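These notes concern the structure reproduced below.
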Amino acid sequence: MLNAILITITSFMAMEFIAWATHKFLMHGPLWILHEDHHVLTGKWYQKNDSFALIFAIPSISCFFVGSFLSPKWLVFVGLGILLYGIAYMLVHDIFIHRRIKLFKKPKNSYLKGLLLAHRKHHVNLGKYDCEYFGMLFVPPKLIKSIK
Ligand SMILES: [Zn+2]
Ligand SMILES: [Zn+2]
């Protein structure tokens, strides 16, 4: 049980790094064609960028599927970590930051303010190049300190 929790948390945390690297090197690289309409908004509710939710579902589903045949079932918990990160990404990025569904109020907490600021700074640049802050849940401490 403890191992299952540890594997799930490790997989979740690894996803923050994988999402950062994917965003920096693929989405702002060869997959910009799918990410562009998230920076240069088209006004449509659906963005091509949303396809990344489906792309990231593939490793999660694969881990659940393959893991269900293995014993012990550690790979299932890797899949669970990826799934939970996907849900967190949707809640934080799409609902909390971009307010595609108006659910959360303005934050008072300085970590959440820093998280908003980091992503706003990412969106300052509408183009593919010279963007910063590609992560999501990890907020550089200097940004949190800069608020107040
Ligand atoms: Zn971006
Ligand atoms: Zn965004």
Side-chain angles (χ1 to χ4, degrees), residues 4-69 73-144 146-147:
I5 294 170
L6 282 177
I7 293 169
T8 306
I9 292 172
T10 306
S11 157
F12 183 95
M13 291 188 351
M15 279 307 293
E16 171 70 11
F17 173 74
I18 291 167
W20 169 83
T22 305
H23 190 183
K24 188 172 168 76
F25 299 111
L26 294 176
M27 294 160 85
H28 283 258
L31 297 180
W32 173 248
I33 190 159
L34 291 176
H35 188 52
E36 184 176 13
D37 67 354
H38 185 59
H39 280 263
V40 186
L41 294 174
T42 57
K44 292 185 192 144
W45 203 78
Y46 177 80
Q47 300 170 1
K48 282 189 214 156
N49 184 57
D50 296 333
S51 14
F52 286 104
L54 299 176
I55 293 170
F56 278 112
I58 297 168
S60 178
I61 293 167
S62 308
C63 286
F64 278 112
F65 181 75
V66 175
S68 66
F69 294 105
K73 307 226 168 288
W74 62 273
L75 203 55
V76 168
F77 297 101
V78 174
L80 181 63
I82 302 173
L83 170 67
L84 292 175
Y85 187 82
I87 294 169
Y89 201 98
M90 185 193 69
L91 285 171
V92 170
H93 178 257
D94 294 280
I95 301 181
F96 173 65
I97 296 175
H98 289 294
R99 299 177 58 83
R100 293 172 82 177
I101 300 171
K102 294 184 178 37
L103 196 65
F104 301 118
K105 292 189 180 132
K106 276 194 174 168
K108 292 194 175 88
N109 170 292
S110 52
Y111 163 71
L112 291 175
K113 283 183 183 169
L115 191 150
L116 264 183
L117 182 65
H119 202 69
R120 286 215 181 106
K121 282 177 178 274
H122 177 70
H123 276 284
V124 161
N125 195 333
L126 300 180
K128 178 177 175 181
Y129 303 104
D130 301 324
C131 288
E132 48 180 2
Y133 302 109
F134 293 90
M136 175 53 47
L137 299 176
F138 172 75
V139 182
K142 63 169 186 192
L143 260 194
I144 298 177
S146 77
I147 303 170

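Computed from a prediction, not measured in an experiment: that's the story for all the values here. All values below come from the heavy atoms of this structure, side chains included, with hydrogens, waters and symmetry mates left out.
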Could you tell me the separation between the [atom1] atom of [X] and the [atom2] atom of [Y], rounded to the nearest 0.5 Å?
X: H39; Y: K128; atom1: NE2; atom2: NZ; result: 12.0 Å
X: H35; Y: D37; atom1: NE2; atom2: CG; result: 9.5 Å
X: I144; Y: N109; atom1: CD1; atom2: CG; result: 8.5 Å

Check: [X] side chain, [Y] main-chain N or O, donor-acceptor pair, under 3.5 Å:
X: S60; Y: G79; answer: yes
X: K102; Y: R99; answer: yes
X: E16; Y: F138; answer: yes
X: H38; Y: N49; answer: no
X: S11; Y: I7; answer: no

Above 12 or not: heavy atoms from other molecules or residues under 6.0 Å from [atom1] of [X]?
X: F17; atom1: CZ; answer: no
X: F104; atom1: CZ; answer: yes
X: Y129; atom1: OH; answer: no
X: K73; atom1: NZ; answer: yes
X: I87; atom1: CD1; answer: yes

Derivation of the salt bridge (Lys or Arg N to Asp or Glu O under 4.0 Å) call for R100 and D94: CA-CA 6 Å; R100 293 172 82 177; D94 294 280; 2.8 Å; yes
Any side-chain heavy-atom pair of P107 and F96 under 4.5 Å: yes
Sub-4.5 Å side-chain heavy-atom contact between I61 and L83: no
Ion pair D50/K44, N-O distance below 4.0 Å: no
Aromatic ring proximity, centroids under 6.0 angstrom, H98 and H123: yes
